[in-house]
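Naming convention: chains lettered A, B, ... in sequence-line order (proteins, then strands); numbering from 1 in each chain. Note that the structure is a prediction, hence the values are computed from the model and not measured.
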Amino acid sequence: MAENENKAYKDFIRTIIDEDLKIGKNDGRVHTRFPPEPNGYLHIGHAKSICLNFGIAEEYGGLCNLRYDDTNPVKEDVEYVDSIKEDVRWLGFDWDDREFYASDYFDKLYDYAVQLIKDGKAYVDDLSQEEIREYRGTLTEPGKESPYRNRTVEENLDLFTRMRDGEFKDGEKVLRAKIDMTSGNINMRDPAVYRIKHASHHRTGDKWCIYPMYDFTHCLSDSIEGITHSICTLEFEDHRPLYDWFLEQLRVHHPQQIEFARLNLSYTIMSKRKLLSLVKEGKVSGWDDPRMPTICGLRRRGYTPESIRGFAERIGVAKRDSVVDIALLEHILRDDLNKRADRVMAVLNPLKVVIENYPEGEVEELNAINNPEDESAGMRKIPFSREIFIERDDFREDPPKKFFRLAPGREVRLKHAYFIKCEDVIKDDNGEIVELRCTYDPATKSGEASDGRKVKGTLHWVSTAHAIDAEVRMYDRLFKTENPGANGDFMDDLNPDSLDVLAGCKVEPKLTHANPGESFQFLRKGYFCVDTDSTPEKLVFNQTVGLRDSWAKIEGKKK
RNA sequence: UGGGGCGUCGUCAAGCGGUAAGACACGGGCCUUUGGAGCCUGUAUCCCAGGUUCGAAUCCUGGCGCCCCAGCCA
């Protein structure tokens, strides 16, 4: 809530709420809801909605319900309801005991439907699905009325009861609202209210064989819960007249539906259907694959709830379609991790260095600061010895301009340790560099030369005898194009190099005791977290996001 | 050609008649025991055309462009 108070402006939704409050609407209450359908895992797009709905409730001292929109049993599953709860909670929101299900209201909804029939506002239609489609008309031509449209109330009541009692097969009959077959808004051309589905529901089991449609269910669920502001995405704008219609006909509490633009992210797909196919076709390891934009994927990748909430706040809320640059998400993530992740040294692609003038068998415990951005993170000791590993690409036999790392005859600093100078390069029969012979200057301990000479480069390293082996999973964007699927099948835009598993990485001994989920900055490399696959016997890290790499930029430009 | 929305920097996004915030990205520079972080710095006249006004991104008119809708999905 504090974060919004220092905002100089308010988005259009909060502006509406302010006005409502000013005129005393809803007795000054603000009550929102987050209404997922449990048919898939939550993704970053949902996070925007979650932050909006729960955030508004928090800011205005109101409430936000978690409500599952579970009216289609054939697509829904408890696996999803559990994951949704976990994800919303992880993001940092709480719904107390207000965990609701549209299916909780099936009895009431049925009664409302009966009421509609009694009022002559709904009828049972015998038309087949295909016929209904034909009768609906097109975008430019009006529809025509079903021959069953004017059945008597008694007949409709009887038929609807028998629908409920299972006398008919799926699709044989449908309850429709009687509105206007000539409306320019197709949603108003006698929309379906109840359809027959002989399927068991994850909560109500086999109690029902008829299930209410979204439009009918959603507005009434909002009404029943006393929702004041029903916030949804743009594609429901056309449904608002219908939302309002049901509530007006039934003369019940009438929440206000407000629509905002859903989140789109560059290089990312957000459709649940497409995400599901990535999982089903094994393109990713699961819903929580660290490359997925799902909340659980981001969590496993090492994203923090704070970064996701911060992102939701930064992108704002508006009505125009937009595509947010994924670089913004990554920037906010780095910003957050920079302040909280302890620094540690890890060599991803090791190259052995022997420091010839360093005494054999000697080990020094050097002091290292854990986080320069956070003094309270303290210090640690790291072992230094005659043989160390450095990053293979921190050495160039023939250094290009502006490359100020190690090269023959060059001197660099080893972070927290000494200056070393490369004296010799050892190669194998194939000409592959296998080892560097260096010398160190004892007078540069802790990285400062007593004679005041400077070095341009500072390398991270790890002592060979003390290093721990680890697997590090490096990630790149899942899709190689900014707008996957824009030019055909989105599967064709999959980045074949989105995962690169590095074995034999060498990390500081401290990491042996790191727990899954813990984040670190691998000095000069990026942010990494311990994967859920990790064990003390076999450490596994995920690259969360790389550090900004201005050298890569310089080098990239030259090509 | 029906109905509903939307059009401000490369990308998000403020502005609500008084003379274009901020962020990301990008460029330049400083600093640096992470080529990280930090610091300084550069970059839009508001889809177009008319009109109203002393004055318009903001009001009016007319165009143009983009998105959504023809599930017994949500």
Just by distance, do the side chain of A/N65 and the backbone of A/R67 share a donor-acceptor pair under 3.5 Å?
no
Output yes when a side-chain donor or acceptor of A/R314 lies under 3.5 Å from a complementary backbone atom of A/L329, and no otherwise.
no
Identify which one of A/R149, A/R136, A/K178 satisfies the side chain to side chain donor-acceptor pair (under 3.5 Å) criterion when paired with A/D190.
A/R149
Apply the side chain to side chain donor-acceptor pair (under 3.5 Å) test between A/H460 and each candidate in A/K525, A/R524, A/H416; give the one that qualifies.
A/R524
Is it the case that A/K173 places NZ or CZ above or below the six-membered ring of A/F168, under 6.0 angstrom from the centre and within 45 degrees of the axis?
yes
Taking any heavy-atom pair under 4.0 Å as a contact, classify [X]: base, sugar-phosphate, or nothing.
X: A/A261; result: nothing
X: A/V124; result: nothing
X: A/F403; result: base
X: A/R320; result: base

P atom, B/G28 versus B/A70: distance in rounded Å?
49 Å
Distances under 3.5 Å only, N/O to N/O: pair up the protein atoms with those of nucleotides 70-74 of chain B.
residue	atom	partner	partner atom	Å
B/A70	O3'	A/R136	NH2	3.4
B/A70	O2'	A/R136	NE	3.0
B/G71	OP2	A/R136	NH2	2.8
B/C72	OP1	A/R136	NH2	3.4
B/C72	OP2	A/R136	NH1	3.1
B/C72	N3	A/G171	O	3.4
B/C72	N4	A/L127	O	3.1
B/C72	N4	A/Q129	N	3.3
B/C72	N4	A/G171	O	2.9
B/C73	OP2	A/R195	NE	2.9
B/C73	OP2	A/R195	NH2	2.9
B/C73	OP2	A/K197	NZ	3.3
B/C73	O3'	A/R195	NH2	3.1
B/C73	O2'	A/N72	ND2	3.1
B/A74	OP1	A/T71	OG1	2.5
B/A74	OP1	A/R195	NH1	3.4
B/A74	OP1	A/R195	NH2	2.8
B/A74	OP2	A/Y214	N	3.0
B/A74	O3'	A/D69	OD2	3.4
B/A74	N6	A/H239	NE2	3.3

B/G71 glycosidic conformation (syn if within 90° of 0, otherwise anti) is syn
Please list each protein N or O that sits under 3.5 Å from an N or O in nucleotides 36-39 of chain B, with the distance.
residue	atom	partner	partner atom	Å
B/G36	OP1	A/S550	OG	3.0
B/G36	N2	A/R343	NH1	3.2
B/G36	N2	A/E373	OE2	2.9
B/A37	OP2	A/R548	NH1	3.3
B/A37	O2'	A/N338	ND2	3.3
B/A37	O2'	A/E373	OE1	3.4
B/A37	O2'	A/E373	OE2	3.2

